[in-house]
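Atoms within a ligand are numbered from 1 in the order they appear, just like the ligands themselves.
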Amino acid sequence: MTLIDGKETAQQIRLELAEEVEKIKKNGGKIPHLAAILVGEDPASDTYVRMKVKDCEQIGYKSTLIRYDADISEAELLAKVEEINQDEDIDGLIVQLPLPDHISSEKITFAIRPEKDVDGFHPINIGRMAKGLPAYVAATPHGVLELIKRYEIPTSGKHCVVIGRSDIVGTPVSILMSRKAYPGNATVTMCHSRTPNIPEITRQADIIIAALGRPEFVTADMVKEGAVVIDVGTSRVEDPSKKSGFGLKGDVKFDEVAEKCSYITPVPGGVGPMTRASLLYNTMLAAKNSVY
Ligand code: GUN
């Protein structure tokens with residue numbers, strides 16, 4: 001069994017991007033610049049956004065963090081998005097979700113110019129991805145594919161079972177795994193909350209991508225010997241042994257499933273660390289106008 005090390009892979013990607021920044025600097029090109037908007041005081045969102053900005057600084061990108069109180073109006077926020085859309089120095093813009101209830105996440109997400117939508121949430125990017133055109137792919141599906149690619153896991157003709165149909169993970173990952181490319185060319189089955197016989201289906205899988213958000217849902221009896229298991233779940237569970245009082249649990253019962261797998265991602269340290277690296281990757285694409 002090979003343990004897929006997302007932490008190490010993400011670090012490798014950061015190193016590669018930092019080298020690219022050095023080259024850009026030497027050649028007088030455009031230094032990637034990410035802008036992040038954070039509304040309100042949610043501690044988890046605050047931490048995520050600060051980490052994203054710190055990642056940028058570490059690899060030599062420019063970054064701009066814009067903070068607003070939770071009572072900012074939707075119109076004011078839309079005006080800021082439009083201002084950044086027009087700002088030629090800013091390559092990528094993310095608005096951290098969730099937003100306060102009085103602001104429509106959909107309206108804000110749709111207002112970001114697709115060319116700057118490095119989160120890959122805009123319907124134009126999702127549509128382009130579905131059509132196999134160059135697009136910004138959202139951080140988590142991008143991270144999953146990058147792990148498969150860097151560990152050279154064969155996907156062509158394999159049966160890939162995706163559990164979960166969210167529009168930011170299950171749905172895009174299903175589309176990507178079935179497209180005519182590598183990683184891809186797989187026969188994809190998507191399971192969700194209305195699928196009556198999930199274990200029967202997962203037992204036929206060469207590759208399982210678990211993204212339903214239910215801790216330890218995938219057990220050993222659901223996995224074929226030699227399968228590849230990618231765990232996207234990150235549920236917070238109480239853990240008195242931790243200083244913070246909580247730990248992260250994946251969607252896979254790791255200890256028993258790992259014994260049957262050819263490859264498996266741990267939680268934490270698997271897909272999670274890849275998502276921030278994917279945002280940096282997309283921001284580089286934006287700076288180089290590689291997608292549009
Ligand atoms: N909230 C949780 N994950 C994300 C993400 O990837 N992007 C944004 N903008 N908000 C999030």
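Checked by atom type and distance alone, the side chain of Lys116 pairs as donor or acceptor with a backbone atom of Ile84 at under 3.5 Å. The main-chain N or O of Ala139 is found under 3.5 Å from a side-chain atom of Ser278 such that the two form a donor-acceptor pair.
Salt bridge status for Glu83 with Lys80: present, with a side-chain N to carboxylate O gap under 4.0 Å. Comment: Lys249 does not engage Asp239 in a salt bridge, judged by the lack of any side-chain N to carboxylate O separation of less than 4.0 angstrom. A salt bridge is defined here as a Lys NZ or Arg NE, NH1 or NH2 lying under 4.0 Å from an Asp or Glu carboxylate O, and Glu57 with Lys54 fails to meet this definition.
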Would you tabulate the polar-atom pairs, meaning N/O of ligand 1 against N/O of the protein, with distances under 3.5 Å, reported to 0.1 Å?
unit_1	atom_1	unit_2	atom_2	d
ligand 1	1 (N)	Gln96	NE2	3.2
ligand 1	1 (N)	Leu97	O	2.9
ligand 1	7 (N)	Asp119	OD1	3.2
ligand 1	7 (N)	Asp119	OD2	3.2
ligand 1	9 (N)	Val95	O	2.8
ligand 1	9 (N)	Asp119	OD2	2.7
ligand 1	10 (N)	Leu97	N	2.9

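Taking the six-membered ring for Trp and thresholds of 30 and 60 degrees, Tyr136 and Tyr292 have ring planes inclined between 30 and 60 degrees apart.
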